[in-house]
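One structure is given below, encoded as structure tokens.
To find a chain, count down the sequence lines: A is the first, B the second, and so on, and within it residues start at 1.
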Amino acid sequence: MTNIFADIRTIVLAALRQVLPDLPDDVAARVEVTGTKDPAHGDMATNAAMVASKSAGRKPADIAAGLVALLQTEPMIETAASAGPGFVNLTLRPDALRAQIPLILAQREAYGESDIGGGVKVCVEYVSANPTGPMHIGHCRGAVVGDALANLMAKAGFAVTKEFYINDAGGQVEALAWAVYWRYLQAIGTGMTEEEYAAVVPGGLQYRGEYLIPVGETLAVVHGDSLAAPGKTSARSELWFATVRDTALTMMLASIREDLDLLGVRFDVFSSEQALFEKHATDAVIERLDQLGLIYQGTLEPPKGKLPDDWEPREQTLFRSTQFGDDVDRPLRKSNGTNTYFANDIAYHADKLDRGFEILIDVLGADHGGYVSRIRAATSALGGQLDVLLCQIVKVLKGGELVRMSKRAGTFITLRDLLDEVGRDAVRFTMLTRKSDAQMDFDVDQAVAQTRENPVFYVQYAHARCRSVLRAAGESMDTTPEALAQASLDSLTDPAETALIRRLASWPRMVEGAAQAREPHRIAFFLYDLAADFHMLWNRGRDDAALRFLQADHQDETSARVALVAATAMVIRSGLSVMGVTPVEEMR
RNA sequence: GCGCCCUUAGCUCAGUCGGAUAGAGCAACAGCCUUCUAAGCUGUGGGUCGGUGGUUCGAUUCCACCAGGGCGCGCCA
């Protein structure tokens, strides 16, 4: 595990303890070593003197002076200087920074891995689309964000499980079965009209999309007319319901998994709501909460403002979520005694805790915003920790126009449409170029553009250029990582080279910060900046032939630069693999 | 009406649990191809960080209130 920031922080902390032997641990924990914005401030800066000032009762400048004196003597540090309100700026010895290159080459794409996760078991739940239809663009962002977050946390040393929760119980599955049964009747050539059929469906016919036609046809092939009443009309639901529902769920889930596969998302675990239902998990968890004194029978206040038309006060089984920061207590059982979705979801989260996960993460759509505080409350009540990432709406733009998505108008964009148009890598990368809780416009034209505007292209281009140099170098030298790690790096002194090395060295710190903040989008921005550093260096070689990577007459310089290029390619690949994007070898 | 999220350059967005002179891309202007990919690079201009207070050595960052945008609001999942 390589992390030069962590190494320097250890050194700074040791020095701080010499200056202040009574340093409290909580103060020590706040000591940071960060990169600098301004090269004039050196390579790194630490806030150590400032954070320790208050508890030590000494001026920051005073402590900083003590630190500077000690840090000056460190072999990795060339100069230390106090500055501003009490920063200590550090300039590393050039060879200390360059020494990161062989370390990167030795670790390859594993570079950036960290142990801050400490092997803590984390369950990241995402997508969890209802198995009632194909995946649409609304699911896409959550799928990509969740998948990248899971990868990111795994890289940071958490023991991550990727999980998909199948909502295969409840009203919408019933509605699905009725919708599929209609497609079945059509497939066997029923004489009923859609209106006649809809009239017998409890709650009305939903899910009228054509994607259910193949399910009906499959049922017709397997079961012939046997699921219908004589005359090919609708039979009593007891006769066909379970068969139709199970076939529909199986086929819908298969289709979702196919879509996920195309997106490059693979889950470790698919959890079934129905399975929990059969174990009576919800009743069990309500019992558990009851024993904690968190359940009561009561009547909720009507919601403020606009009332539902049929509002009337009714007594329900309620959970005291207000004790855990929610605004109102929430119903677990409906007035007819059946469990609410919330209750079932508590059972599911309890199930995850029972499986030994210490941190639960749910990636949800923004339309679940109002749901967050109650499910977090429930998880806290059960002694767990739940982090929620809300993914805001994605608007799709094409030709500068907003592409309207409406199920009613039948113009909803499926995930597959988007993948066909833009490609998996561009979809994944673009979805990670915004903070997940910020609204996003997905510009289809930009995602396929081959210019710097398009971060996917820009990063891929940098990687392709690296590979191009390595291919060319490979004709006259050994470009295996093992061989390059032996190169003498003393010639890497150009500011553009140093900037690139500094960026590479900050990758492990970036991974840790992004994982702790649960912000996978930071990886995309890091790679973009890294690509910019590399493109700049590349073009320096255009202006000044002496800065080109391959120097026919200077073997040492060439190997040093090729080693740098190889390390750059590895870090790009390391980052892309977190994002689930495939690096390209060449642009075409 | 209540709750949650958001507001940073003309546009789209970064900004590392509070840190030094707030950064990119696009758009505008001025440059760089006998060369490992010019699908790129360099430079210039552009900001009361939505507003007003507060917390402290220090606030784009934390808190309160206000304005604007989005999402939701008992027996849907």
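The partner of B:rC2, taking Watson-Crick or G-U wobble pairs whose two distances both stay under 3.5 Å, is B:rG72. Using Watson-Crick or G-U wobble geometry with both donor-acceptor distances under 3.5 Å, B:rA28 finds its partner in B:rU44. Pair assignment for B:rC36: none, as no Watson-Crick or G-U wobble contacts are both less than 3.5 Å. Using N1 to N3 plus N6-O4 or O6-N4 for Watson-Crick, or N1-O2 and O6-N3 for G-U wobble, each under 3.5 Å, B:rA59 pairs with nothing. Figure legend. B:rC13 is base-paired to B:rG23; pairs are counted as Watson-Crick or G-U wobble with both atom distances under 3.5 Å. B:rA67 is paired with B:rU7 under the Watson-Crick or G-U wobble criterion, all donor-acceptor distances under 3.5 Å.
Where A:Lys395 and A:Thr34 meet RNA chain B, the nucleotide closest to each residue was compared, and A:Thr34 sits on the side nearer the 5' end. Closest-nucleotide positions on RNA chain B for A:Gln172 and A:Arg522 were compared, and the one nearer the 5' end corresponds to A:Arg522.
Residue A:Phe525 places its side chain closer to B:rA14 than to any other of B:rG15, B:rA14, B:rG40. Nearest nucleotide to the side chain of A:Tyr341, out of B:rA77, B:rC36, B:rG19: B:rA77. With distances taken from any side-chain atom of A:His41 to the nucleotides B:rA20, B:rG70, B:rG74, the minimum falls on B:rA20.
One cannot find a donor-acceptor pair under 3.5 Å joining the base of B:rA77 and the side-chain atoms of A:Asp367.
Considering only side-chain N and O atoms, A:Lys54 lies nowhere under 4.0 angstrom from the phosphate OP1 or OP2 of B:rU56. Side-chain N/O atoms of A:Tyr461 include none lying less than 4.0 angstrom from OP1 or OP2 on B:rC41.
Salt bridge present: A:Asp326 and A:Arg330 bring a charged side-chain N and a carboxylate O closer than 4.0 Å.
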